[in-house]
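Note sheet for the following structure.
Every chain is numbered from 1, with letters handed out A, B, ... down the list of sequences.
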2 protein chains.
Amino acid sequence: MDRTQSADWAGRAEATLRERGHKASAPRSAVLALIGRQECVVSAQDIADELKRGRQKVGIATVYRTLEILEELRLVQRLDLGGESARFEPATPDGHHHHHHFVCRICGRAIPFEDDSLERVIDVLGKRLKATVEEHDVILKGVCPDCEG
Amino acid sequence: MDRTQSADWAGRAEATLRERGHKASAPRSAVLALIGRQECVVSAQDIADELKRGRQKVGIATVYRTLEILEELRLVQRLDLGGESARFEPATPDGHHHHHHFVCRICGRAIPFEDDSLERVIDVLGKRLKATVEEHDVILKGVCPDCEG
DNA sequence: GTCGATGCAAAGAATTTGCAGGACC
DNA sequence: GGTCCTGCAAATTCTTTGCATCGAC
């Protein structure tokens, strides 16, 4: 099911880009495919490195430019998890369960989790504030089980 | 009451630094005083600029070094709100109500808010996860009332 | 006096941008 | 064929570091 969803994401992204008048290209497709395969966050450098190991090499500038477009179209979400660089993950279509992140201070790994009560509270909160809330991130920081003790 | 609390923070910070064997200095005191006066986040550059306008000029390197120490001692919290640079704010003593941030996509301002239900849910969540949660950030993004068309 | 703190300037790291050539439609 | 895309390298921006000097204890 993961794989099905992944394929969907890349396909949906390609379609959206085409609709918006963007042209197809091998490097861009490779980036989309890789992002679609992610269950959690990756940095621009991660993407470039991963692709470099494969057959399709992609310049880091292209990775950034592609991510910029995807972010504008809300196909990926940019996250600042406190590391050196920004990280990105495929955005979930509206209403679908999306997750948040626990970041380990020791190993730096980001571990995704979801929680319905949390979403509900944030929903209510959004209504209480006068502002229009378009997106939200919850970041927990601490020590993960592997690094514990 | 704000002012009392601010004075407390700077005083507490100075005391903690002294305890840890750090030496006092005019530049550092100026940074501490300024941070203590903040109700919300500022960037390192904000701090340097603000002090430059006053009588005590402080090099940006000193600002960063001071912030680094303060962060280690958990006297300030570093926040990645998605802007270009990291922002900092005085940390609240344990257990005191701390706030989170709404960031406006148009004007970039960070608006603080607090919510007890949110804290409670995150508390429970921390227990559900096997990891030790040491801190958490909730960031809402959208459009603030002033920028709302 | 000793050792931490400062400021400047240089080094680093992440991200963006300019440009010439190449590919898509 | 025009326009968008790509890769490289240069430019930017934020942050850290090296170093000589100054000041606190």
Q: Verify salt bridge (charged side-chain N to carboxylate O under 4.0 Å, His left out) between Arg87(A) and Asp80(A), making sure each step is shown before the conclusion.
A: CA-CA 6 Å; Arg87(A) 311 208 216 163; Asp80(A) 293 294; over 6 Å; no
Q. Heavy atoms, side chains only, cut-off 4.5 Å: are Ile106(B) and Glu148(B) in contact?
A. no
So which protein nitrogen or oxygen atoms get under 3.5 Å of nucleotides 12-16 of chain D's nitrogens or oxygens?
unit_1, atom_1, unit_2, atom_2, d
dT15(D), OP1, Ala86(B), N, 2.9
dT15(D), OP2, Tyr64(B), OH, 2.2
dT15(D), O5', Tyr64(B), OH, 3.0

Q. Looking at His136(B) versus His100(A), is the centre-to-centre ring distance below 6.0 Å?
A. no
Using atom [atom1] of [X] as one end and atom [atom2] of [N] as the other, report the distance to the nearest whole Å.
X	N	atom1	atom2	result
Ile47(B)	dT6(C)	CD1	P	13 Å
Leu81(A)	dA14(C)	CG	C1'	15 Å
Arg20(B)	dC25(D)	CZ	P	18 Å
Lys57(A)	dG7(D)	NZ	P	12 Å
Arg28(B)	dG23(D)	CZ	P	16 Å
Asp80(A)	dA13(C)	CG	C1'	15 Å

Q) Under a 4.5 Å side-chain heavy-atom rule over Ile, Leu, Val, Met, Phe, Trp and Tyr, are Val121(B) and Leu140(B) clustered together? A) yes
Q) Between Val58(A) and Val42(A), is there a shared hydrophobic cluster once you connect ILVMFWY residues whose side-chain heavy atoms come closer than 4.5 Å? A) yes
Q: Kindly say whether Gln38(A) contributes a backbone atom to a donor-acceptor pair with the side chain of Trp9(A) at under 3.5 angstrom?
A: no
**Q.** Atom pair CZ (Phe113(B)) and SG (Cys40(B)), whose distance is rounded to the nearest 0.5 Å
**A.** 10.5 Å
Q: Any chance you could lay out the side-chain hydrogen bond (donor to acceptor under 3.5 Å, both in side chains) test for Glu89(A) and His99(A), step after step, and finish with the verdict?
A: CA-CA 11 Å; Glu89(A) 65 180 11; His99(A) 61 253; 3.0 Å; yes
Below 3.5 Å is the cut-off: list the nitrogen or oxygen pairs between protein and nucleotides 23-25 of chain C, distance only.
unit_1, atom_1, unit_2, atom_2, d
dC24(C), O2, Lys23(A), NZ, 3.4

